[in-house]
Amino acid sequence: MATRLRAAGAGRSCTVIGGSGFLGQHMVEQLLAKGYSVNVFDIHKRFESDQVTFFLGDLCDKEALLPALRGVAVVFHCASPAPASDNRELFYRVNFTGTKAVIEACREAGVQKLVLTSSASVVFEGTDIKNGSEDLPYAQKPIDYYTETKILQEKEVLSANDPDNNFFTTAIRPHGIFGPRDPQLVPILVQAARSGKMKFIIGDGKNLVDFTYVENVVHGHILAAEKLHKGSALCGKAFHITNDEPIPFWTFMSRILTGLDYDPPKYHIPYWLAYYLALLLSLLLALLRPLVTIKATFTPMRVALAGTFHYYSCERAKRAMGYSPVVSLDEAIARTVQSYPGLRRARA
Ligand SMILES: NC(=O)C1=CN([C@@H]2O[C@H](COP(=O)(O)OP(=O)(O)OC[C@H]3O[C@@H](n4cnc5c(N)ncnc54)[C@H](O)[C@@H]3O)[C@@H](O)[C@H]2O)C=CC1
Ligand SMILES: CC(C)CCC[C@@H](C)[C@H]1CC[C@H]2C3=C(CC[C@]12C)[C@@]1(C)CCC(=O)[C@@H](C)[C@@H]1CC3
């Protein structure tokens, strides 16, 4: 590994924590393409590559992290339990306690830069956000455990910024990441369509939302790593990274569905009715949990995301790091639909 690190040059050596995941794999691919030497630290190994050094372990274990961080200049921390896990203890352990271990391990290993994948949802409380800036306060009442712990995680990382000791941190807040190999947006949407649950548009269908193509998210992270240094505007700050093309939620869903030969939803259900039905269902499933575990398609969080405006300004990222999306929304949707032949509706 030391040879590879030297070959890439000290400044272009990195470790991607969560590198086996959807965003992580795209991050690894683009970092390699840019000449970085790349380590991956993850609790799972989900791909093979002779260009990457894998370290398998739990990020909550600082001692397990250290070998993967020694000698690298940049750490990208994009690990998290899946939002659908809905496991408060797991979210707290990995996203809060685990992130403190990541920070300690970075400091001990002499890592200079830590780029966290946070989430635009850290300011979302289920009510409309239109062109929200990073100055919005953290959600006082996060809608779910995932968001609750993403807030704690981001606060820990940004407050760890310590330029006097050459340790610089920043957080990237994407929203609605989609693209090839996404495990949670397109597959869940298609599953809902296949089970006949995608006949209704929640609300009037005019609510604008940010969906961000995965390659744009990676681009934002790498830009952040390259612009993060002593005295830069990124130190200790969070940045929205989006496609900069907010789109009606149900227009996006319909374009993915029709792109895969499924019928788009066409009837409307009032937002408040859908939300309270989802809330009632979530309470019922919580009562049944000791007996049976049932995953709801329409959770309160998903209904809130489907029925409200929530799009964010990425002006701060444009100014501080010269960010602009590298793949347009139209091109991104086309590439995504093309990448899922197995999810296409079987023709009769
Ligand atoms: N998917 C989305 O729409 C959005 C995702 N994000 C954030 O982006 C990041 C990546 O998300 P995805 O790629 O969608 O998730 P993912 O579930 O595909 O990948 C997460 C990776 O983290 C790893 N991981 C989880 N717990 C771990 C532990 N204890 N130790 C080591 N590795 C562990 C998993 O094995 C997985 O490979 C997450 O931090 C998520 O909060 C932010 C905004 C939107
Ligand atoms: C109503 C339908 C059943 C919705 C089907 C698609 C949903 C599964 C996705 C639509 C918006 C997505 C989204 C996320 C997860 C998958 C969706 C709900 C996140 C909650 C993932 C983690 C984050 O950090 C948030 C910013 C994402 C918001 C959008």
Side-chain angles (χ1 to χ4, degrees), residues 16-28 40-47 55-61 64-65 68 76-85 87 90-91 93-95 97-99 101-102 116-124 142-144 146-147 149-151 153-154 157 171-179 181-193 195 197-198 200-203 209-214 217-218 221 240-242 249-250 252-253 256-257 265 269 274 278 295-308 310-312:
V16 181
I17 300 175
S20 287
F22 160 50
L23 174 62
Q25 288 194 37
H26 285 273
M27 194 97 77
V28 168
V40 164
F41 182 93
D42 201 300
I43 204 164
H44 296 295
K45 184 176 183 184
R46 293 205 181 96
F47 69 100
F55 296 83
L56 284 177
D58 185 335
L59 66 85
C60 300
D61 176 356
L65 279 165
F76 296 94
H77 177 15
C78 61
S80 167
S85 315
N87 179 333
L90 179 67
F91 282 133
R93 186 175 71 82
V94 176
N95 285 350
T97 311
T99 296
V102 166
L116 170 70
T117 310
S118 180
S119 166
S121 65
V122 296
V123 297
F124 181 61
I143 264 193
D144 59 10
Y146 163 82
T147 307
T149 57
K150 290 298 281 187
I151 293 170
Q153 178 185 59
E154 182 182 293
V157 168
I172 299 297
R173 292 180 179 177
H175 191 276
I177 309 176
F178 72 99
R181 289 169 279 163
D182 147 42
Q184 66 179 330
L185 195 157
V186 174
I188 292 174
L189 177 61
V190 166
Q191 183 53 43
S195 47
K197 297 177 182 174
M198 288 309 285
F200 291 96
I201 290 169
I202 296 171
V209 173
D210 274 323
F211 289 99
T212 316
Y213 189 56
V214 63
V217 178
V218 172
H221 279 74
H240 292 141
I241 291 294
T242 74
F249 180 93
W250 292 98
F252 180 85
M253 293 294 141
I256 298 287
L257 288 172
I269 178 173
K295 287 279 185 191
T297 301
F298 293 89
T299 62
M301 175 63 158
R302 288 178 182 173
V303 171
L305 290 165
T308 60
H310 43 103
Y311 60 96
Y312 303 88

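In each ligand, atom 1 is the first atom listed, and ligand 1 is the first ligand listed.
Between the side chain of His240 and the backbone N or O of Arg173 there is no donor-acceptor pair closer than 3.5 Å. Judged by distance alone, the side chain of Asp210 and the main-chain N or O of Thr242 form no donor-acceptor pair under 3.5 Å. Judged by distance alone, the side chain of Asp182 and the main-chain N or O of Leu185 form a donor-acceptor pair under 3.5 Å.
With atom 8 (O) of ligand 1 as the reference point, the heavy atom nearest to it among Thr117, Ile172, Asp58 is part of Thr117. Between Tyr146, Phe22, Phe91, Phe178, it is Tyr146 that holds the heavy atom closest to atom 6 (N) of ligand 1.
From the protein, the heavy atom lying nearest to atom 42 (C) of ligand 1 is Ser118 O, 3.1 Å. Atom 24 (N) of ligand 1 has Ala79 CB, 3.9 Å as its closest protein atom, hydrogens excluded (heavy atom only). With respect to atom 13 (O) of ligand 1, the closest heavy atom belonging to the protein is Leu23 N, 2.8 Å. Of all protein heavy atoms, the one lying nearest to atom 1 (N) of ligand 1 is Gln184 NE2, 2.8 Å. Atom 10 (C) of ligand 1 has its closest protein heavy atom at Cys78 O, 3.1 Å. If you check which protein heavy atom lies closest to atom 25 (C) of ligand 1, you get Ser80 O, 3.7 Å. The protein atom (non-hydrogen) at minimum distance from atom 36 (C) of ligand 1 is Arg46 NH1, 3.5 Å.
Here the side chains of Pro265 and Leu257 are in contact, with some heavy-atom distance below 4.5 Å. Here the side chains of Val40 and Phe47 are in contact, with some heavy-atom distance below 4.5 Å. Residues Ile188 and Gln191 fail the side-chain proximity criterion, which asks for heavy atoms closer than 4.5 Å.
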Determine whether Asp144 and Phe91 satisfy the following criterion, side chain to side chain contact (heavy atoms under 4.5 Å, CB included), listing intermediate values before the conclusion.
CA-CA 10 Å; Asp144 59 10; Phe91 282 133; over 6 Å; no
What's the verdict on side chain to side chain contact (heavy atoms under 4.5 Å, CB included) for Trp250 and Val209, showing C-alpha distance, side-chain angles and the deciding distance?
CA-CA 9 Å; Trp250 292 98; Val209 173; over 6 Å; no
Please evaluate residues Phe211 and Met253 with respect to the criterion side chain to side chain contact (heavy atoms under 4.5 Å, CB included), reporting the C-alpha separation (whole Å), side-chain torsions for both, the decisive distance (0.1 Å), and the verdict.
CA-CA 10 Å; Phe211 289 99; Met253 293 294 141; 3.7 Å; yes
Applying side chain to side chain contact (heavy atoms under 4.5 Å, CB included) to Thr299 and Val303, what does each step give before you reach the verdict?
CA-CA 6 Å; Thr299 62; Val303 171; over 6 Å; no
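Atoms of ligand 1 lying under 4.0 Å from any heavy atom of Gly21, numbered from 1 in the order shown and given with element: 18 (O), 19 (O), 36 (C), 37 (O). Atoms of ligand 1 found under 4.0 Å from any heavy atom of His44 (numbered from 1 in listed order, with element): 35 (O). For ligand 1, the atoms closer than 4.0 angstrom to any heavy atom of Val94 are 26 (N), 29 (N). Contact atoms of ligand 1 toward Gly57: 30 (N), 31 (C) (distance under 4.0 Å to a heavy atom of the residue). Near Gly18, with a cut-off below 4.0 Å to any heavy atom, the atoms of ligand 1 are 21 (C), 22 (O).
Taking the side chain to side chain contact (heavy atoms under 4.5 Å, CB included) definition, one finds that Ser119 meets it with Ser121, Tyr146, Lys150, sequence neighbours left out. Among residues two or more places apart in sequence or in another chain, the side chain to side chain contact (heavy atoms under 4.5 Å, CB included) test is passed with Thr308 by Phe124, Asp128, Tyr271, His310. Taking Ile177 as the reference, Phe22, Leu23, Pro174, Val214, Val217 meet the side chain to side chain contact (heavy atoms under 4.5 Å, CB included) condition, with sequence neighbours excluded.
Of the N or O atoms in Lys150, one or more lie within a sub-3.5 Å distance of an N or O in ligand 1. By the 3.5 Å distance cut-off applied to N or O atoms, Ile177 is counted among the residues near ligand 1. Backbone and side-chain nitrogen or oxygen atoms of Pro174 are examined, and none is located within less than 3.5 angstrom of a nitrogen or oxygen of ligand 1. Between Asp42 and ligand 1, at least one N/O pair is under 3.5 Å apart. For a threshold of 3.5 Å applied to N or O pairs, the pair formed by Ile43 and ligand 1 contains at least one separation below that value. Checking only distances, Leu59 does come within under 3.5 Å of ligand 1, N or O to N or O.
Side-chain N/O atoms of Gln25 and Arg181 include a donor and acceptor closer than 3.5 Å. Judged purely by distance below 3.5 Å, without hydrogens or angles, the side chains of Thr297 and Lys197 pair a donor atom with an acceptor atom.
Here Arg173 has no heavy atoms under 4.0 Å from ligand 1, in either its backbone or its side chain. For Ala120, no heavy-atom contact with ligand 1 is shorter than 4.0 Å. Contact annotation for Ala82 and ligand 1: no heavy atom of the residue comes within less than 4.0 Å of the ligand.
Using a 4.0 angstrom heavy-atom cutoff, Gly19 does not count as in contact with ligand 1. For Gly98, the closest heavy-atom approach to ligand 1 does not fall below 4.0 Å.
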List, for ligand 2, each N/O atom that has a protein N/O partner under 3.5 Å away, with both atom names and the distance.
unit_1: ligand 2; atom_1: 24 (O); unit_2: Ser119; atom_2: OG; d: 2.7
unit_1: ligand 2; atom_1: 24 (O); unit_2: Tyr146; atom_2: OH; d: 2.7

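Partner of Leu116 under the side-chain contact (heavy atoms from CB on, under 4.5 Å) criterion, out of Val102, Ile17, Ile172, Val157: Val157 alone.
Checked against the 6.0 Å centroid threshold, Phe55 and Phe41 do not count as a close aromatic pair.
Classified by interplanar angle (parallel below 30°, tilted 30° to 60°, perpendicular above 60°), the ring pair His175/Tyr312 is tilted.
Distance check for atom 39 (O) of ligand 1: a protein heavy atom is found below 4.0 Å.
Asp58 has a carboxylate O that lies under 4.0 Å from a charged side-chain N of Arg93, or vice versa, which qualifies the two as a salt bridge.
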